[in-house]
Amino acid sequence: MAQQDWTTSITKTGAGELRVRGYDINSMIKGLSFAQTIYLILKGELPSEAEARMIEAMLVSSIDHGITPPSNLAARTVMSGGNSLNSSVAAGILCIGESHGGAIEQCARILQESVAAGRSAAEVVAWHKERKIRLPGFGHRIHERDPRTTTLLEVADACGFTGDHIRLAVGMMEELEKGSSRKLPLNVDGAIAAVISEMGFDWRMGKGFFIIARTPGLVAHVFEEWSTQKPMRKLGPLGGHYDGPEDRDLPQG
Ligand SMILES: CC(C)(COP(=O)(O)OP(=O)(O)OC[C@H]1O[C@@H](n2cnc3c(N)ncnc32)[C@H](O)[C@@H]1OP(=O)(O)O)[C@@H](O)C(=O)NCCC(=O)NCCS
């Protein structure tokens with residue numbers, strides 16, 4: 001059977017030629033920042049100055065969060081087991097899920113669908129509370145108010161991006177905390193979800209922003225593990241406690 005060609009509208013390649021979304025890579029190397037290039041490849045067009053500034057700010061905000069997040073623990077554990085840098089970084093990326101970094105996706109979905117449907121913050125929060133579903137993009141293990149959120153929303157405001165999605169996200173935080181003794185802040189995932197929604201990105205790209213931002217942090221952690229620690233060192237919980245069945249023998253016969 002004849003094999004079908006694949007088509008792409010992202011990058012054109014030919015002998016001695018490389019064009020991303022129509023632009024020559026050599027002009028891009030000389031004239032574009034990495035944030036501008038990321039916007040171009042994801043959106044298909046060059047960003048305005050404000051859009052490029054906003055992308056830059058989001059990427060910086062999520063570069064790293066210390067040694068304890070699941071992705072860094074996984075990446076360093078895989079390196080400690082004697083694996084390559086790429087396998088270790090990939091393990092870290094595989095850890096990015098609904099509770100860690102990946103909450104951007106579902107939070108952006110909720111914000112985009114709720115704004116389109118004209119739902120209020122109170123309605124969205126009540127719907128999730130009734131079903132005992134945690135709202136993605138809210139809550140933090142360490143921060144009562146996520147400092148990155150405050151700054152990102154300041155930058156968004158300065159860049160002219162404060163609109164319905166950001167207002168809904170902030171309103172949801174206020175609703176969520178009503179009658180709750182604990183703080184459930186809009187976390188950095190939720191702030192990025194709100195900002196990319198204002199910028200017109202599809203919610204299905206959500207996790208991509210965290211992956212792009214966190215990969216340099218993962219590379220730094222994996223390299224630190226590789227270059228300063230001995231392999232198979234004790235990582236994570238130092239003790240091990242067994243609470244399964246008592247010792248027993250297989251049935252005879
Ligand atoms: C990030 C997270 C795991 C931190 O959790 P934590 O601070 O350890 O809090 P706990 O899991 O112990 O939950 C404590 C209480 O807060 C509530 N809570 C925490 N996050 C909540 C959320 N996003 N929506 C609704 N309720 C939430 C829990 O239901 C629990 O209530 P209870 O005491 O009545 O049972 C948690 O907030 C969460 O799952 N958030 C959603 C996913 C997310 O945004 N992840 C990105 C993190 S940057």
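Starting from 1, each residue takes its place in the sequence as its number. First listed ligand is number 1; within each ligand, the first listed atom is number 1. Please read all numbers here as calculations on a predicted model, not as lab measurements.
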Practice prompt. Hey, can you tell me if H65 and H140 have their rings parallel, tilted or perpendicular (30° and 60° cut-offs)?
Written response: tilted
Worksheet entry | Proximal candidate to atom 11 (O) of ligand 1 [heavy atom criterion; set H128, R134, Q106] | R134
Practice prompt. Out of T149, I104, L184, indicate the one that has the non-hydrogen atom closest to atom 21 (C) of ligand 1.
Written response: L184
Discussion item. Against ligand 1, does E98 come closer than 4.0 Å with any heavy atom?
Written reply: yes
Practice prompt. Among residues two or more places apart or on two chains, list those pairs meeting ring pair (Phe, Tyr, Trp, His ring centres under 6.0 Å) that have a residue in residues 80-137.
Written response: H100-F210
Can you find an N/O atom of [X] closer than 3.5 Å to an N/O atom of ligand 1?
X    : value
R148 : no
F138 : yes
P136 : no
G137 : yes
D189 : no

Item to complete: Quick one: look at S99 and ligand 1, take heavy-atom pairs under 4.0 Å, and tell me if it's side chain, backbone, both or neither.
Response: backbone
Response to the item:
Note: V188, heavy atoms under 4.0 Å from ligand 1, region reported as neither
Item to complete: Check the pair H221 / M79 against side-chain contact (heavy atoms from CB on, under 4.5 Å), numbers first and verdict last.
Response: CA-CA 10 Å; H221 276 277; M79 172 49 75; over 6 Å; no
Worksheet item: What residue pairs, at least two apart or across chains, pass side chain to side chain donor-acceptor pair (under 3.5 Å) with a residue in residues 194-209?
Response: E98-K207, E105-K207, Q112-S197, D202-R204
Worksheet entry | Nearest-contact summary for atom 15 (C) of ligand 1 - protein heavy atom, Å | R182 CD, 3.5 Å
